[in-house]
Amino acid sequence: MRILGIETSCDETGIAVYDSKLGILINNIHSQANTHSKYGGIVPELAARNHNKNIISLIKDALSKTNSSKNNIHGIAYTAGPGLVGSLLVGASVAKSLAYAWNIPVITINHMEGHLLSTMLSNNELSFPFLALLVSGKHTQLIKANNIGDYILLGESLDDAVGEVFDKVAVALGLKYPGGLSLSILANDGISNRYNFPKPLINKPNLMFSFSGLKTSVINTIHSLSSINYQDKANIAKSFEDTIIEILVNKCSKAMHISKLKTLVIAGGVSANFKLRFYLKNMINKRKGILFYPKQELCTDNGIMIAYAGLLHLKNGKYNNLKTSIKSDWKIDSVN
Ligand code: KG4
Ligand code: ZN
C-alpha cells in the first residue's frame with residue numbers, strides 16, 4: 001500500500017509518500033521559518049498563503065521522484081487538525097480534490113496522533129499500551145495509548161505549550177524564531193543554577209502542566225538586566241531548559257507510577273531535544289522501563305507521520321467521505 005501524506009497544520013508544508021513495503025519514499029518539507037521569523041511568531045494568513053503557493057509543486061515533485069500516480073497511490077492522508085484554520089483548509093482542499101479525481105480513499109489524521117505514531121516507524125519493538133508525552137509548539141500532553149485511535153488524555157498544559165515557551169524565551173534572548181533548538185545549543189555554554197525559576201504545579205500529584213508563569217519569570221529576568229552579555233544569556237538559557245526538563249521528567253515519572261506502565265514515548269517537535277531525552281532515559285532506567293522516540297528528522301512537522309498514520313488507519317478499514325472537514329481544535333482522545 002502506498003499513501004500520500006499532506007501536512008499543513010502550521011508553517012511547514014509537508015508532502016510525503018510512504019510505502020508499506022518500501023518505507024519512506026520521499027519526505028518533502030517546505031519550511032516558512034524565514035517568512036515568520038521577522039514577526040517573532042507565525043502569522044496565520046501568511047502561513048495559509050504560503051501553503052497555497054507551494055503545495056502543488058511539492059506534490060508534483062514527490063509524485064514524479066517516486067514514480068507515483070493515481071495508479072499506485074492507495075489513499076491520501078491529510079492533517080485535519082488541530083492547527084491553524086487557513087493552513088488546514090489548504091491541505092484539506094488539495095487532499096480531497098485529488099482523492100475525488102483519483103477515486104481513492106481520503107483519511108483525516110489528527111496532527112498529534114501523527115507525531116505519536118511516527119515513533120512506531122523506527123521502533124518495531126514498541127507495542128500498545130504505552131504512555132506518551134507529546135510536546136510541540138502548541139501542545140503539552142500526557143496520554144495513555146491503548147491502540148491505534150484509542151487514546152486517553154491523562155494531563156495537559158493549562159496554558160502555554162512547552163515549544164511555545166522555548167520559542168518566546170528564545171525571542172527574548174535575541175534568537176531567531178523558532179528558537180527551541182538554538183536556545184538549547186546556547187544553554188550548552190551556560191553555568192548551572194545561576195537562576196532559580198518557578199516550577200508551576202511540580203508538587204501537585206496530578207499530571208497537569210503550567211508554563212506561563214515560568215515564561216513570564218524568565219522574560220522578566222532578561223528585561224531586568226541593565227546589560228546582558230553572551231554568558232548571561234547562556235546562563236539564563238541553561239536554567240530555563242533545566243527547569244523545563246525537571247518539570248517534564250517529574251510528571252512523566254508520576255504518570256508511570258500512577259499507570260504502572262513501563263513504556264514511555266516522547267514525540268512532537270520538542271522531542272528533538274537531546275537533553276530532555278537523556279534525563280527521561282535516566283528516570284526510566286531507574287524504573288526499569290524503556291523510552292522510545294521518532295527518528296531525529298521526523299520529530300518536527302512532516303508529511304511522513306501523516307502518511308504513516310493514514311496507512312495504519314486505512315489498514316484498519318478507517319477512511320472518510322469527502323464531506324469530512326477540518327477540526328482546528330481536534331483533541332487526540334476523540335480521534336475515533
Ligand atoms: O511539532 P512541531 O514541529 O510543530 C508543532 O506542531 O507545533 O514543534 C515545533 C516546536 C517549536 O516550538 C520548536 O522550537 C520546538 O518544537 N523544538 C525544540 C527543539 N527542536 C524543535 N525545542 C527544544 N529543543 C529542541 N531541540
Ligand atoms: Zn507538530
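In listed order, ligands and their atoms are each counted from 1. Start at 1 with the first residue, then count along the sequence.
- Nearest non-hydrogen protein atom to atom 21 (C) of ligand 1 is G269 O, 3.4 Å.
- With a 4.0 Å heavy-atom cut-off, ligand 1 is reached by the side chain of D167 but not by its N, CA, C or O.
- Here the heavy atom of the protein found nearest to atom 24 (N) of ligand 1 is N273 ND2, 3.1 Å.
- Taking atom 22 (N) of ligand 1 as the reference point, the nearest protein heavy-atom neighbour is G180 CA, 3.5 Å.
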Tell me which donor-acceptor pairs under 3.5 Å the side chains of residues 264-273 have, and how far apart each pair is, sequence neighbours excluded?
from : atom 1 : to   : atom 2 : distance (Å)
S271 : OG     : G268 : O      : 2.6
N273 : OD1    : K275 : N      : 3.0
N273 : OD1    : L276 : N      : 2.9
N273 : ND2    : S184 : OG     : 3.4
N273 : ND2    : E241 : OE2    : 2.9

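- With a 4.0 Å heavy-atom cut-off, ligand 1 is reached by the side chain of H115 but not by its N, CA, C or O.
- If you check the side chains of N50 and H30, you find no donor sitting under 3.5 Å from an acceptor.
- Counting non-hydrogen atoms of other residues, nucleotides and ligands closer than 6.0 Å to CG of N103 gives a total of 12 or fewer.
- Counting only N and O atoms by type, the side chains of R287 and S253 include a donor and acceptor under 3.5 Å apart.
- Counted by atom type alone, H51 and T13 present one or more donor-acceptor pairs between their side chains at under 3.5 Å.
- Rounded to the nearest 0.5 Å, atoms OH (Y151) and CZ (F128) are 5.5 Å apart.
- Side-chain contact between D301 and M305: present, with at least one pair of heavy atoms (C-beta onward) separated by less than 4.5 Å.
- Considering backbone and side-chain N/O of E12, none are found under 3.5 Å from N/O of ligand 1.
- Checked by distance only, ligand 1 and C299 stay at 3.5 Å or farther apart across all their nitrogen or oxygen atoms.
- Residue contacts with ligand 1: D301 is placed with a nitrogen or oxygen under 3.5 Å of a nitrogen or oxygen of the ligand (distance criterion only).
- A donor and an acceptor atom, one from each side chain of K168 and Y177, are nowhere located under 3.5 Å apart.
- Only side-chain heavy atoms of H111 come within less than 4.0 Å of ligand 1; its backbone N, CA, C and O stay farther off.
- I185 belongs to a hydrophobic cluster whose other members, connected by ILVMFWY side-chain contacts under 4.5 Å either directly or through intermediates, are L181.
- Here F197 pairs with Y195 under the ring-ring contact (aromatic ring centres under 6.0 Å, His included) rule; sequence neighbours left out.
- Donor-acceptor pairing under 3.5 Å is lacking for the side chains of N250 and E246.
- In terms of protein heavy-atom proximity, atom 15 (C) of ligand 1 is nearest to V270 CG2, 3.9 Å.
- The nearest pair of heavy atoms linking G91 to I55 is CA-CD1, 4.2 Å.
- Distances below 4.0 Å separate heavy atoms of G163 from the following atoms of ligand 1: 12 (O).
- Considering only non-hydrogen protein atoms, atom 7 (O) of ligand 1 sits nearest to G137 N, 2.8 Å.
- Those atoms of ligand 1 that come under 4.0 Å of a heavy atom in K138, given as number and element, are 7 (O).
- Listed by number with element, the atoms of ligand 1 under 4.0 angstrom from any heavy atom of L181 are 19 (C), 25 (C), 26 (N).
- N27 and Y18 share no side-chain donor-acceptor pair at under 3.5 Å.
- Distances under 2.8 Å from the Zn ion (ligand 2) pick out the protein N/O/S atoms H111 NE2, H115 NE2, D301 OD1.
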